[in-house]
Amino acid sequence: MNRIYDNNIKALEKISKKSTDYIRAKVESFENKTQTEPRINDKHTFDEKGMFEEIEVDVEESFTQEKIFKVRKGDLELYLSGKRNPNALAEKWTEKFAELPRTSFVIMFGLGDGRFLREVCKKIGKEVRVFVYEPSLKIFIKCLEEVDLTEIIKSHEISFGIDNNISFDEIKEILARNIHMDNLEFLRWYVLPGYFQLYPGESKQFLELVRGWGDKLLTFHGTKVFFANVAMGTLLYNAMYLPDCRMTTQLVDVIPRNLPAIVVAAGPSLNKNISELKKAKGKAFIIAADTAVKPLMKAGIVPDMYTVVDAVKPVELVQYPGAERIPLLTSVISSQAVLAHQTGLKFFFNEGFEFINKPFDDLGIPFDEMSMGGSVATASFALSYMIGLNTIILVGQDLALTGGKSHVDGAFHEKEEALDTTGYMMVPGNVEKEVPTRPDFKKYLDWYDYYIEGCKEHRPQLTVINATEGGAKIKGTEVMNLKDAIEKYCTESVELGERINSVPPAFEGANREKVVEYLRSTEAGFRKIAEDALKQKKLYQKIDKMADTGRMSTKEYEKLLVKIKKLTKTTIKSPLYELVDDTLIDASLILQKELLVEEGSMVEEAKELARKGIIYMDLMNECANLLADVAADSVSNVK
């Protein structure tokens with residue numbers, strides 16, 4: 001062979017010895033053949049009859065002088081990346097890959113000359129997993145001989161299936177390992193240009209296998225499993241607090257801007273200086289993370305507010321006598337148990353949910369958004385900045401495993417145990433040169449770095465003090481011990497408790513009654529969406545029946561599509577549709593149109609449209625009825 005091939009094989013061997021052993025055995029068999037013997041034919045996994053076929057693979061130059069593969073199979077002759085400008089074709093073809101999150105799974109039918117795989121790898125993160133099935137051993141070997149794939153093999157999560165070296169059942173196992181409900185929304189599968197013509201039966205069967213796995217997940221799990229993430233169900237229960245809620249922007253009127261904010265997180269270094277916070281009470285706006293509530297209360301410090309934004313936060317974290325009366329900064333999809341336990345004022349912010357925003361919009365009440373940052377501490381910081389406070393002091397914001405611990409004593413356990421941090425990511429520290437951190441902590445650290453920079457650009461007078469005595473260094477902050485920070489910045493006394501508790505509800509009088517009426521209509525709204533879904537399903541069934549006859553009437557087909565569009569328009573107009581759609585977001589897989597080289601006939605198109613529509617409408621009907629049941633148990637009873 002050659003150097004390119006040898007390097008590729010070495011790289012490939014590290015991820016799949018089975019594949020490399022198979023390739024080496026085949027190459028050796030090729031080399032041992034005499035020139036008079038027939039060429040080795042390609043046997044394809046998805047050809048259940050075990051048929052053999054011949055192809056020829058040649059290397060040529062495109063008009064732009066790029067190396068391209070020309071494949072001949074019988075009377076068929078084509079270029080796998082096009083003849084004119086193959087790089088432009090690959091770049092265009094892979095544009096949509098740039099937005100894929102790290103949990104995505106990409107499946108490609110065909111390797112070709114490797115150009116498309118390389119473009120995909122340029123656009124996706126290194127954590128995104130990619131599975132490439134190449135039905136032709138000859139094309140695969142030619143690619144190994146001509147194209148250097150070593151860097152993408154080393155830097156990305158790529159696996160290969162080659163010819164008859166991988167069985168139908170093994171591919172099913174790959175799908176089962178990599179496609180699940182959490183990432184179904186981000187599954188992408190594609191057939192490379194030319195492969196539909198070369199392998200029409202195999203490519204179609206491969207796509208049906210992948211698509212069938214997605215359908216199986218959707219129909220097997222049903223909406224009850226979608227509901228396991230509980231976000232939209234939680235939102236309906238928490239919407240019960242909407243008539244009496246407060247808005248974060250109302251705090252602007254009651255917290256003096258010359259007062260410093262002290263954002264208390266539950267990092268392990270809080271053990272060192274928690275007692276100092278007593279001196280700041282009444283002289284600073286003390287806002288705590290939910291996990292810091294118990295340690296603070298045990299130390300005799302009642303924060304002015306605490307934050308909870310997680311949907312599954314255990315209520316035990318904040319169950320301490322008196323803590324239930326502390327005002328709360330929260331999200332409409334925060335822990336239902338925590339919000340039910342907490343009796344103090346609840347301050348909400350705009351999170352973009354149309355169902356929640358509609359009463360504010362209808363009544364002309366401004367409802368502002370707020371940056372979250374992903375954690376209770378970052379949300380607390382964002383609130384402090386949003387309400388105009390120019391000095392923000394961070395405490396217990398380690399964002400690292402200081403001393404091997406993740407949290408302050410008393411948050412989750414009376415005494416936190418130290419972990420072995422060998423092999424952990426290291427970042428610059430406040431006290432130590434470097435400290436170990438976790439991926440989630442690093443994400444919050446990065447947020448602080450860019451958010452504080454942006455805040456200072458808009459408000460140059462902003463001062464951020466990092467009084468975390470340990471932990472990771474945060475850019476844009478001044479490191480100072482808490483005792484000195486309190487002496488310097490906490491100089492004026494203000495009774496914040498009375499001020500915060502004096503904030504009036506966002507809705508009062510007649511406005512409150514309108515909100516109550518709106519919430520009580522929720523169950524009926526979901527039932528209407530469920531009914532309309534069944535009406536749409538019947539229309540899709542008519543399309544399916546028409547396609548089965550093989551006699552498609554273009555006029556009748558278009559008439560049915562118009563009716564479907566009309567019903568869809570009505571459903572989407574409802575503010576409740578968003579909750580159904582978000583619950584069924586994984587089911588968007590069904591509506592995904594595969595990127596194909598060529599379109600099928602109108603009959604095939606109609607059959608596929610009907611298949612997707614029937615499944616999706618069944619799921620929508622089930623989901624809307626489930627949400628209606630939740631509404632009956634929650635917002636329908638609001639007073």
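Counting from 1, the numbers follow the sequence of the chain as shown. Predicted, not measured: the structure shown is a model, and the values here were computed from it.
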Legend entry - Distance, nearest 0.5 Å, that separates CG of L328 from CD of Q342: 4.5 Å

Inset, instruction - Name all residues meeting the salt bridge (charged side-chain N to carboxylate O under 4.0 Å, His left out) criterion together with R512; count only those two or more places apart in sequence or in a different chain, and write none if there are none. - result: D244

Legend entry - Side-chain touch V332/Y241, heavy atoms, less than 4.5 angstrom: no

Legend entry - Rounded distance [0.5 Å steps], CD1 in I356 versus CZ in F349: 12.0 Å

Inset, instruction - Give the C-alpha distance, both sets of side-chain angles, the deciding distance and a yes or no for side-chain contact (heavy atoms from CB on, under 4.5 Å) between T391 and K488. - result: CA-CA 11 Å; T391 302; K488 183 174 182 179; over 6 Å; no

Legend entry - Donor-acceptor under 3.5 Å (S335 side chain, D310 main chain): no

Inset, instruction - Taking atom CD of E517 as the centre, report whether more than 12 heavy atoms of other residues, nucleotides or ligands fall under 6.0 Å from it. - result: no

Inset, instruction - Please determine if R499 and E495 form a salt bridge, counting it only when a charged side-chain N lies under 4.0 Å from a carboxylate O. - result: no

Inset, instruction - Please determine if K281 and D304 form a salt bridge, counting it only when a charged side-chain N lies under 4.0 Å from a carboxylate O. - result: yes

Legend entry - Check: A467 main-chain N/O paired with N273 side-chain donor or acceptor under 3.5 Å: yes

Legend entry - Residue list, side-chain hydrogen bond (donor to acceptor under 3.5 Å, both in side chains) with K456, at least two apart or on another chain: none

Legend entry - salt bridge (charged side-chain N to carboxylate O under 4.0 Å, His left out) involving K475 - partner list, sequence neighbours excluded: none

Legend entry - Pair E276 + K279, salt bridge at N-O below 4.0 Å: yes

Inset, instruction - Check salt bridge (charged side-chain N to carboxylate O under 4.0 Å, His left out) between E478 and all other residues, then give those that pass, not counting sequence neighbours. - result: none

Inset, instruction - To the nearest 0.5 Å, tell me how far L345 CG sits from R325 CZ. - result: 13.0 Å

Inset, instruction - Say whether, by atom type as modelled, one donor and one acceptor occur between the side chain of S636 and the main chain of A631 under 3.5 angstrom. - result: yes

Inset, instruction - Using the test side-chain hydrogen bond (donor to acceptor under 3.5 Å, both in side chains), find all partners of S331 that sit at least two apart in sequence or belong to another chain. - result: E351

Legend entry - Salt-bridge criterion met for E487 and K483 (N-O under 4.0 Å): yes

Inset, instruction - Indicate the atoms forming the closest heavy-atom contact of F355 with A239, along with that distance. - result: CE2-CB, 3.9 Å

Inset, instruction - Before accepting this row, confirm whether a basic side-chain N of the pair E414/K298 lies closer than 4.0 Å to the acidic partner's carboxylate O. - result: yes

Legend entry - Qualifying residues under side-chain hydrogen bond (donor to acceptor under 3.5 Å, both in side chains), relative to N637, sequence neighbours excluded: none

Inset, instruction - Decide if the gap between the ring center of Y451 and the ring center of Y444 is smaller than 6.0 angstrom. - result: no

Legend entry - R246 (side chain) donor-acceptor with V503 (main chain) under 3.5 angstrom: yes

Legend entry - Distance, nearest 0.5 Å, that separates OG1 of T477 from OH of Y448: 10.5 Å

Legend entry - Main-chain N/O of G404 paired to T421 side chain as donor or acceptor, under 3.5 Å: no

Inset, instruction - Could you check L363 against V515 for side-chain contact (heavy atoms from CB on, under 4.5 Å), going step by step and ending with a plain yes or no? - result: CA-CA 9 Å; L363 296 170; V515 176; 4.2 Å; yes

Legend entry - Interatomic distance, H156 atom NE2 to I124 atom CD1 [nearest 0.5 angstrom]: 5.0 Å

Inset, instruction - Specify the closest pair of heavy atoms between N481 and E469, including all atoms of both residues, with the distance to one decimal. - result: CB-OE2, 3.4 Å

Legend entry - The single option from L496, I286, I255, L383 passing side chain to side chain contact (heavy atoms under 4.5 Å, CB included) against M305: L383

Inset, instruction - Enter the distance from I486:CD1 to I393:CD1 here, rounded to the nearest 0.5 Å. - result: 7.0 Å

